[in-house]
Structure formats: structure tokens, C-alpha cells
Enquirer: 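Quick one: this structure, given as C-alpha cells, is what I'll be asking you about.
All values below come from the heavy atoms of this structure, side chains included, with hydrogens, waters and symmetry mates left out. Fair warning: this is a prediction, and the values are worked out from it, not measured in the lab.
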Amino acid sequence: MNGWLLAAGITALGVAAVHIVAGHRDVVRPLLSCGLGDEPKRVLHAVWHMVSIDLALSGLALLHLSLTDSTSGTGLVAWFVAAHFIAYAAAFLLVTLSVGWTRPLLRLPQWILLLPVAALAAAGAA
């Protein structure tokens, strides 16, 4: 059993749970009640669901990898998931830093949840 990947999988599932619960309250409800056109509103809502599924599947994949006995593809898949979470974190950081907000790192704090999964997955892949 790979403890790093186990920790990454549990953390990723926690991130997915936070995304689903807090995201529905803080993002989805305001989005669906805003004056944005119906088609862009529904596309953004679908993207939110897509990310929910992606986060949950990534967590399950990491848990599965942690329980395998270092099969030939384990490291590659773990690196892919790590890169995936780094890309998500980078997207939040780039957007929040480009707006010119005061204290920008706390305005879109999702990156704080995403980077630990990337670090744990990378440690498990190494």
C-alpha cells in the first residue's frame, strides 16, 4: 500500500465533497438565479457538475492506486492526477491574481485545497 497515494485519494475526495457542498451554495445557486442568458448559465452549471465528477473520480483513482502493488502504470497515472490538480490550482491562482483584488490569494481559495492533493499524488508517484 502506498501511503502517499492513500492520503492523496482521501484528500481529493474531501476536496470533491467541499466542492459539491460549498460550491452549490456559493456558486451554483447565485449562478442559476442571476440574469445571465439561459444557455451560458446552463453551460456553466454543466461545467460545475463536470468538475464535481472529475474531482470525485480522481479521488477514487488515487485510492485505487494506493491499494495496488505498484503496477506498471501506477506512477504514470499518479503523475497525471498530480499534474491535473496543479493545473486546476494554477487556473484559480491566475484568475484571482489577474483581477487586481486586495488580498487576492484569499478571494478564490480553491487553490489551497487543490495543491495538497497534487503534492501528495506527486510524492506517491515518485
Side-chain angles (χ1 to χ4, degrees):
M1 179 185 312
N2 186 321
W4 291 110
L5 293 178
L6 178 63
I10 292 168
T11 305
L13 289 173
V15 169
V18 168
H19 169 81
I20 291 166
V21 173
H24 189 267
R25 185 188 73 237
D26 294 344
V27 178
V28 174
R29 283 186 198 166
L31 171 68
L32 294 178
S33 66
C34 78
L36 190 63
D38 212 28
E39 187 173 342
K41 187 186 305 186
R42 295 301 167 195
V43 169
L44 291 171
H45 190 203
V47 168
W48 181 81
H49 282 294
M50 184 178 67
V51 171
S52 300
I53 293 165
D54 183 58
L55 291 171
L57 287 177
S58 294
L60 292 173
L62 288 167
L63 283 180
H64 175 74
L65 291 175
S66 75
L67 301 173
T68 62
D69 291 329
S70 296
T71 58
S72 63
T74 298
L76 182 61
V77 174
W79 279 117
F80 176 78
V81 174
H84 192 79
F85 275 77
I86 288 170
Y88 272 159
F92 277 101
L93 282 169
L94 289 172
V95 168
T96 195
L97 293 173
S98 70
V99 176
W101 287 327
T102 58
R103 300 174 60 185
L105 296 179
L106 299 177
R107 294 297 294 265
L108 295 176
Q110 288 86 338
W111 65 272
I112 296 169
L113 295 171
L114 298 165
L115 279 181
V117 176
L120 291 167

Enquirer: For K41 and L32, which heavy atoms make the closest approach, and how far apart are they?
Expert: NZ-O, 3.3 Å
Enquirer: Evaluate the side-chain proximity of L108 to V99: yes if any heavy-atom separation is below 4.5 Å, no if none is.
Expert: no
Enquirer: Measure from the side-chain N and O atoms of T74 to the backbone N and O of L65, and report whether any donor-acceptor pair falls under 3.5 Å.
Expert: no
Enquirer: Please round to the nearest 0.5 Å and tell me the distance separating atom CH2 of W111 and atom CD1 of I86.
Expert: 13.5 Å
Enquirer: Is it the case that one hydrophobic cluster holds both W79 and V117, taking links as side-chain heavy atoms less than 4.5 Å apart, direct or via other members?
Expert: no
Enquirer: Roughly how far, to the nearest 0.5 Å, is the CG atom of L57 from the OG atom of S52?
Expert: 10.5 Å
Enquirer: Do the side chains of L93 and L105 get nearer than 4.5 Å, heavy atoms only?
Expert: yes
Enquirer: Using a 4.5 Å cut-off on heavy atoms from C-beta on, say whether the side chain of L120 contacts that of L5.
Expert: no
Enquirer: Are any non-hydrogen side-chain atoms of L44 and L36 less than 4.5 angstrom apart?
Expert: yes
Enquirer: Could you see if L94 belongs to whatever hydrophobic cluster contains L113? Use Ile, Leu, Val, Met, Phe, Trp, Tyr and a side-chain cutoff under 4.5 Å.
Expert: no
Enquirer: Using every non-hydrogen atom in the two residues, find where A122 and A82 come nearest and quote the distance to one decimal.
Expert: N-CB, 3.8 Å
Enquirer: Ring pair (Phe, Tyr, Trp, His ring centres under 6.0 Å) with H84: which residues, sequence neighbours excluded?
Expert: F80, Y88
Enquirer: Is atom CH2 of W4 surrounded by more than 12 heavy atoms (other residues, nucleotides or ligands) closer than 6.0 Å?
Expert: no
Enquirer: Would you kindly confirm whether V15 and V95 end up in one hydrophobic cluster when ILVMFWY residues are joined by side chain heavy atoms under 4.5 Å apart?
Expert: yes
Enquirer: Check A56 against A16 and note the closest heavy-atom contact, atom names and distance.
Expert: N-CB, 3.8 Å
Enquirer: For T102 versus R107, what's the shortest heavy-atom pair and its separation?
Expert: O-CG, 4.0 Å
Enquirer: Measure across T96 and P104 and return the closest heavy-atom pair with its distance rounded to 0.1 Å.
Expert: OG1-O, 2.7 Å
Enquirer: Could you tell me the separation between the CG atom of L67 and the CG atom of L6, rounded to the nearest 0.5 Å?
Expert: 7.0 Å
Enquirer: Does any donor atom in the side chain of H19 or W48 lie under 3.5 Å from an acceptor atom in the other side chain?
Expert: yes
Enquirer: Flag yes if more than 12 heavy atoms outside H24 fall under 6.0 Å of its NE2 atom; otherwise flag no.
Expert: yes
Enquirer: Does any part of the side chain of F85, heavy atoms only, come nearer than 4.5 Å to the side chain of L55, both counted from C-beta?
Expert: yes
Enquirer: State plainly whether one hydrophobic cluster holds both L60 and V81, where clusters connect Ile, Leu, Val, Met, Phe, Trp and Tyr through side-chain heavy atoms under 4.5 angstrom apart.
Expert: no
Enquirer: State plainly whether one hydrophobic cluster holds both F92 and L115, where clusters connect Ile, Leu, Val, Met, Phe, Trp and Tyr through side-chain heavy atoms under 4.5 angstrom apart.
Expert: yes
Enquirer: Provide the closest heavy-atom pair for L62 versus A12 in the form atom of the first, atom of the second, distance.
Expert: CD1-CB, 4.2 Å
